[in-house]
Engineer: 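Input: one structure, supplied below.
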Amino acid sequence: MREAIESMVIAAIEDAVDAGELELVEIPEPSVERPRDPAHGDWATTVALKCAKAAGMPPRQVAQIVAGRLADHPDIASVEVAGPGFINLRLSPTALQRVVRHVRQADSKLGSSDSGAGRRVQVEFVSANPVGPMHVGHGRWAALGDSVARLLAHTGWSVEREFYVNDAGVQMDLFARSVSARYLEFCGSDEPFPEDGYQGSYIKEIAREIFDAEGTCWLDASAASREEYFREKAYAQVLEHLKRVLHDFGVDFDVWFSERRLHAASADGGPCEIDTAIEELRERGHVYDHEGAVWFRSTAFGDDKDRVLVKADGSYTYFAADIAYHKDKFDRGFDRVINIWGADHHGYVARMQAAVAALGHEGQLDIVIGQLVNLFRNGEAVRMSKRTGEMVTFEELVEEVGADAARYWFLRRSTDQQVDFDIAVAKEQSADNPVYYVQYAHARICSILRKAAEEAGENPDAAVDDVVAALALDEADLAPLDSEAELALMRELDRFGEVIDVAARELAPYKLTRYVEELAASFHQFYTVCRVIDPDAPDLTRARLFAVDATRRALRCALGLLGVGAPERM
RNA sequence: GCCCUCUUAGCUCAGCGGAUAGAGCGUCUGCCUCCGGAGCAGAAGGCCGCAGGUUCGAGUCCUGCAGAGGGCGCCA
């Protein structure tokens with residue numbers, strides 16, 4: 001609709017210029033926007049304010065000239081010049097009714113576009129260390145990354161979801177020693193627990209499982225071989241656990257990328273990917289040697305200081321592995337790469353961007369930094385210490401509040417806002433909880449449609465899509481939809497595509513949560529004012545059923561992009 | 001010390017350089033003989049952290065200051 005209004009405005013200006021009423025060397029930007037105040041109409045343009053100077057006329061006079069030419073358009077119900085020179089437009093009922101028809105036909109493709117043009121984008125998110133359960137912060141990244149992926153797919157990108165598994169660092173060895181120590185405790189040994197080992201009870205559980213299955217057979221093995229075995233055993237268990245918890249949350253990754261791959265020699269025995277990446281940077285002139293270490297000149301790309309890639313003792317830094325990882329991503333042919341990182345990694349952004357630029361991919365990496373999650377229960381902070389083992393894990397949270405409510409709460413805030421997550425509120429099925437407010441609107445519509453089917457002698461207990469098909473609403477005449485509540489609902493539906501565009505462009509699903517709440521509100525308002533099923537007015541009933549069904553599809557589509565269910569009954 | 005983010009109603013937050021700054025919760029008042037009251041309507045509640053600047057126009061852009069959170073490693 002925005003494009004239609006824009007071209008309408010441009011046409012009006014051109015027309016005025018041709019008629020000699022306006023003197024303009026060039027046609028200005030149409031500057032179309034939606035007024036905040038509905039009293040100012042559906043659309044407004046500030047074009048008269050912007051080009052008054054160039055036209056040598058007062059803005060209001062320019063506005064009058066342009067407005068006069070817009071008034072005749074069939075999609076425009078009224079035009080008025082307001083304030084210093086705003087031109088306010090109100091859409092005709094016909095134009096809005098056309099929108100409803102479009103919404104219903106587009107169905108699950110509503111708001112989709114080809115702005116991605118099939119380009120390949122990778123979204124990497126969560127990437128929790130595989131040494132224990134995920135914390136609730138990971139849940140936010142899971143919800144966010146998955147919804148961003150859905151939005152990008154909806155707008156024409158070819159999307160892959162990836163989880164980077166940090167399975168090569170020293171934390172894996174500590175993990176192994178921790179499990180091993182707990183195992184030895186079960187065997188009755190008085191071996192001391194590693195000083196900085198992982199304290200969580202899950203470590204004991206893993207050790208217990210191994211002990212129950214294999215007995216004391218590892219008691220006398222060398223520490224090295226025991227830890228090697230325990231590391232791989234425990235790692236596999238944790239990885240399976242992560243996959244399952246994420247899957248239950250509705251998030252499935254296309255690729256689980258093992259960091260070990262970066263450290264391994266190539267198939268033909270050549271250098272590993274990290275060495276290859278460092279070599280490439282060296283060839284491009286961005287690497288130097290200093291005090292026995294190998295450095296990346298990241299300051300040449302805007303970083304605060306240069307960074308070490310290979311330490312004096314010959315081992316790689318984490319950063320070196322990350323550079324190799326990002327080189328690997330781009331080598332796989334992605335046009336664009338998106339990383340979703342927690343706020344605790346933001347100091348890392350500059351050097352990563354520098355490395356990607358040095359590899360020749362400047363501008364192809366987006367790093368979304370998300371603020372943390374503060375957990376509450378009835379207003380009281382819940383501690384999340386990883387060390388004490390008292391933390392509420394992501395899995396426990398989902399189990400308690402449900403995947404839909406958890407996802408919705410995680411997505412509701414803009415990324416750079418901390419999320420205050422109150423467990424008690426999120427699980428409450430009441431008006432305090434926006435996810436139920438929205439789902440209720442959907443369920444309520446389904447209920448109306450079932451009722452209509454029942455009165456038409458159709459089976460109301462079928463799936464709602466089938467119920468609607470049986471009602472055969474396609475030929476409904478929408479002309480009766482002209483009351484204020486109906487027009488307001490249709491206006492809200494008209495915003496759908498714009499919201500999707502913005503949310504996808506800004507990688508900001510929270511924009512969609514806000515919209516879907518407003519759409520649900522428009523529906524509830526409509527519902528209280530307009531009785532849908534009225535046996536005395538069959539044409540009006542059919543038109544309203546049509547509009548209500550369009551709303552249902554829009555709600556379902558939006559919730560789907562958020563990864564939240566649209567229940568037909570609650 | 002340096003860098004990043006945040007600061008808008010009692011609380012939690014929206015707000016693309018435009019008009020009288022919005023929503024939910026909380027508080028107060030109304031609305032079910034009727035399709036789901038998990039709903040709707042109304043009221044009260046604001047020097048948009050402070051001070052400058054740019055602009056016809058600033059909550060929005062720039063600079064400085066203050067407060068809150070996070071980050072700074074040849075750790076991962």
Side-chain angles (χ1 to χ4, degrees), chain A residues 31 33-37 39-40 44 46 49-50 52-53 59 82-86 88 129 131 166 168-172 174 259 290-295 303-305 307-322 342-350 369-372 374 379 412-420 422 425 428-441 443-452 454-455 485 498 502 505-506 510-511 513-515 517-518 520-521 523-534 541 544-545 548 569-570:
Chain A
S31 303
E33 61 195 40
R34 287 188 181 272
R36 271 197 298 226
D37 185 346
H40 296 138
T46 56
L49 294 168
K50 296 244 161 81
K53 208 175 267 180
F86 296 102
N88 294 336
N129 284 340
V131 294
N166 288 124
V170 298
Q171 87 275 5
M172 289 297 286
L174 183 58
E259 184 190 349
H290 177 66
E291 292 182 345
V294 178
W295 294 72
D303 195 10
D304 294 345
K305 48 181 149 181
R307 307 290 174 175
V308 171
L309 300 177
V310 184
K311 295 179 241 176
D313 68 3
S315 62
Y316 302 114
T317 60
Y318 182 82
F319 183 45
D322 243 4
D344 54 340
H345 281 73
H346 94 254
Y348 211 70
V349 173
I369 291 296
Q371 295 295 318
L372 305 175
N374 301 312
R412 254 192 115 210
R413 293 279 175 258
S414 87
T415 324
D416 42 34
Q417 237 0 299
Q418 297 192 7
V419 165
D420 286 340
D422 194 307
V425 174
E428 196 175 323
Q429 305 201 357
S430 78
D432 294 11
N433 196 342
V435 64
Y436 288 105
Y437 179 81
V438 175
Q439 291 185 321
Y440 178 60
R444 209 176 200 188
I445 292 172
C446 292
S447 174
I448 296 170
L449 293 166
R450 282 192 296 266
K451 176 91 175 171
E454 198 177 334
E455 301 202 348
E498 293 161 53
V502 173
R505 198 169 54 241
E506 298 181 10
Y510 81 92
K511 305 240 178 201
T513 66
R514 304 197 69 82
Y515 169 73
E517 286 169 38
E518 284 160 14
F523 166 72
H524 287 308
Q525 286 154 16
F526 157 86
Y527 176 88
T528 51
V529 177
C530 300
R531 189 171 174 84
V532 176
I533 300 170
D534 181 354
T541 296
R544 285 182 171 167
L545 283 171
V548 142
R569 300 172 198 269
M570 293 172 69

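Atoms considered below: every heavy atom in the structure, side chains included; atoms not considered: hydrogens, waters and symmetry mates. Everything numeric here is computed off the predicted structure, so don't read it as measured data.
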Engineer: If you look at every strand shown and take non-hydrogen atoms under 4.0 Å, does A452(A) touch a base, only sugar-phosphate, or nothing?
Structural biologist: nothing

Engineer: Give me the distance, rounded to whole Å, that separates G45(B) from U54(B) when you measure between the P atoms they each carry.
Structural biologist: 36 Å

Engineer: For F526(A) and C35(B), what is the distance between atoms CZ and C1' respectively, to the nearest whole Å?
Structural biologist: 10 Å

Engineer: Do the rings of F523(A) and F526(A) sit parallel, tilted or perpendicular, given the 30° and 60° boundaries?
Structural biologist: tilted

Engineer: Less than 4.0 angstrom between a side-chain N/O of K311(A) and OP1 or OP2 of C75(B), yes or no?
Structural biologist: yes

Engineer: Which part of the nucleic acid, if any, lies within reach of R569(A) when heavy atoms closer than 4.0 Å are counted: base, sugar-phosphate only, or nothing?
Structural biologist: base

Engineer: Please determine whether a side-chain nitrogen or oxygen atom of Y348(A) lies at a distance below 4.0 Å from atom OP1 or OP2 of C75(B).
Structural biologist: no

Engineer: Which one, C40(B), C72(B), A14(B), comes nearest to the side chain of R514(A)?
Structural biologist: A14(B)

Engineer: Mind checking the C1' distance from G49(B) to C31(B)? Whole angstroms is fine.
Structural biologist: 41 Å

Engineer: What's the separation between atom CD in E259(A) and atom OH in Y318(A), rounded to the nearest 0.5 Å?
Structural biologist: 6.5 Å

Engineer: Using only atom types and a distance under 3.5 Å, with no angle test, would you say the side chain of E506(A) pairs donor to acceptor with the backbone of K511(A)?
Structural biologist: no

Engineer: For Y515(A) and G15(B), is the shortest distance between a side-chain N/O and OP1 or OP2 below 4.0 Å?
Structural biologist: no

Engineer: Would you say S447(A) reaches G36(B)'s phosphate, i.e. side-chain N/O to OP1/OP2 under 4.0 Å?
Structural biologist: yes

Engineer: Look at all strands and tell whether N88(A) reaches a base, only sugar-phosphate, or nothing, counting heavy atoms closer than 4.0 Å.
Structural biologist: base

Engineer: From C13(B), C40(B), A19(B), pick the nucleotide closest to the side chain of H40(A)?
Structural biologist: A19(B)

Engineer: Determine, stepwise, if the pair T415(A) / I369(A) fulfils side-chain contact (heavy atoms from CB on, under 4.5 Å).
Structural biologist: CA-CA 7 Å; T415(A) 324; I369(A) 291 296; over 6 Å; no

Engineer: Rounded to the nearest 0.5 Å, what separation is found between the CD atom of Q171(A) and the CG atom of N166(A)?
Structural biologist: 6.0 Å

Engineer: Could you give the distance separating U5(B) and G15(B) at their P atoms, to the nearest angstrom?
Structural biologist: 16 Å

Engineer: Would you indicate what A343(A) reaches in the nucleic acid, counting non-hydrogen atoms under 4.0 angstrom: base, sugar-phosphate, or nothing?
Structural biologist: sugar-phosphate

Engineer: Please tell me which of the listed nucleotides, U12(B), A14(B), A19(B), lies nearest to the side chain of S414(A)?
Structural biologist: A14(B)

Engineer: Which part of the nucleic acid, if any, lies within contact of Y527(A), taking any heavy atom under 4.0 Å across all strands shown: a base, the sugar-phosphate backbone alone, or nothing?
Structural biologist: base

Engineer: With syn defined as a glycosidic torsion within 90 degrees of 0 and anti otherwise, which applies to C62(B)?
Structural biologist: anti

Engineer: Among C35(B), C40(B), A19(B), find the nucleotide with the atom closest to the side chain of I448(A).
Structural biologist: C35(B)

Engineer: Let's go through F86(A) and T46(A) carefully: what are the C-alpha distance in whole Å and the side-chain angles of both, what is the deciding distance for side-chain contact (heavy atoms from CB on, under 4.5 Å) to 0.1 Å, and is it a yes or a no?
Structural biologist: CA-CA 5 Å; F86(A) 296 102; T46(A) 56; 3.6 Å; yes

Engineer: Taking the P atom of each, how far is A23(B) from C61(B), in whole Å?
Structural biologist: 23 Å

Engineer: Atom CZ of R413(A) and atom CZ of R514(A): how far apart are they, to the nearest 0.5 Å?
Structural biologist: 7.5 Å

Engineer: Does the side-chain ring of F86(A) lie flat on the base of A19(B), meaning centres under 5.5 Å and planes less than 30 degrees apart?
Structural biologist: yes

Engineer: Could you please name the option among G36(B), C35(B), A41(B) that lies closest to any side-chain atom of Q525(A)?
Structural biologist: A41(B)

Engineer: What are the two closest heavy atoms between I533(A) and I448(A), and how far apart are they?
Structural biologist: CD1-O, 3.6 Å

Engineer: Using the C1' atom as the point on both nucleotides, what is the distance between G71(B) and G17(B), in whole Å?
Structural biologist: 32 Å

Engineer: Which residues satisfy the side-chain contact (heavy atoms from CB on, under 4.5 Å) test with V308(A), sequence neighbours excluded?
Structural biologist: A293(A), W295(A), K311(A), T317(A)

Engineer: For the residue pair N433(A) and V425(A), what are the closest heavy atoms and their distance?
Structural biologist: ND2-O, 3.2 Å

Engineer: From the options A14(B), A19(B), G71(B), select the nucleotide whose nearest atom is closest to the side chain of D344(A).
Structural biologist: G71(B)

Engineer: Looking at C74(B), G36(B), G18(B), which one has an atom nearest to any side-chain atom of R444(A)?
Structural biologist: G36(B)

Engineer: Is K511(A) close enough to C13(B) that one of its side-chain N or O atoms is under 4.0 Å from OP1 or OP2 there?
Structural biologist: no

Engineer: Among A19(B), C40(B), C35(B), which nucleotide has an atom closest to any side-chain atom of V532(A)?
Structural biologist: C35(B)

Engineer: If you measure from the P atom in C6(B) to the same atom in C16(B), how many Å do you get, rounded?
Structural biologist: 13 Å

Engineer: How long is the line joining CZ of R412(A) and P of A14(B), in whole Å?
Structural biologist: 10 Å

Engineer: What is the separation between atom CE on M570(A) and atom P on A38(B), rounded to the nearest whole Å?
Structural biologist: 10 Å

Engineer: Tell me which of Q171(A) and V419(A) sits closer to the 5' end of RNA chain B, going by the nucleotide each one is nearest to.
Structural biologist: V419(A)

Engineer: Just to be sure I understand the rule, does E455(A) reach a base, reach only the sugar-phosphate, or reach nothing, if contact means heavy atoms closer than 4.0 Å?
Structural biologist: nothing

Engineer: Tell me the interatomic distance from E33(A), atom CD, to A21(B), atom P, rounded to whole angstroms.
Structural biologist: 16 Å

Engineer: For A441(A), report the nucleic acid contact type (base, sugar-phosphate, nothing); a contact means any heavy atom under 4.0 Å.
Structural biologist: nothing

Engineer: Using a 4.0 Å heavy-atom cut-off across all strands, classify C530(A) as base, sugar-phosphate, or nothing.
Structural biologist: base

Engineer: Nearest-Å distance, CG (D313(A)) to P (A76(B))?
Structural biologist: 9 Å

Engineer: To the nearest Å, give me how far apart OH (Y440(A)) and P (G39(B)) are.
Structural biologist: 7 Å

Engineer: In whole angstrom, give me the gap between the P atoms of G46(B) and G22(B).
Structural biologist: 14 Å

Engineer: When every nucleotide of nucleotides 2-10 of chain B is labelled 5' to 3' by its protein contacts under 4.0 Å (heavy atoms), B for base, S for sugar-phosphate only, - for none, what sequence of letters results?
Structural biologist: -BBSS----

Engineer: What's the shortest heavy-atom distance between R544(A) and R531(A), and which atoms?
Structural biologist: NH1-O, 2.8 Å

Engineer: When rounded to the nearest 0.5 angstrom, what distance separates NE2 in H524(A) from OH in Y437(A)?
Structural biologist: 4.5 Å

Engineer: Taking the side chain from D313(A) and the backbone from S315(A), do they hold a donor-acceptor pair closer than 3.5 Å?
Structural biologist: yes

Engineer: For A21(B) versus A76(B), give the span between their C1' atoms, rounded off to a whole number of Å.
Structural biologist: 46 Å

Engineer: Nearest to the side chain of R413(A) - G39(B), G15(B), U12(B)?
Structural biologist: U12(B)

Engineer: As an exercise, state the distance from CZ of R444(A) to OH of Y527(A), rounded to the nearest 0.5 Å.
Structural biologist: 4.5 Å

Engineer: Considering only G36(B), C35(B), C74(B), which nucleotide approaches the side chain of I533(A) most closely?
Structural biologist: C35(B)

Engineer: Take atom CZ of R531(A) and atom C1' of U33(B), then tell me their distance rounded to the nearest Å.
Structural biologist: 12 Å

Engineer: Dot-bracket for RNA chain B, 5' to 3', counting Watson-Crick or G-U wobble pairs under 3.5 Å, with [ ] for crossing pairs and | for inter-strand pairs?
Structural biologist: (((((((..((((....[...)))).(((((.......))))).....(((((..]....))))))))))))....

Engineer: Once you apply a heavy-atom cut-off of 4.0 Å, does A350(A) come out as touching a base, just sugar-phosphate, or nothing?
Structural biologist: nothing

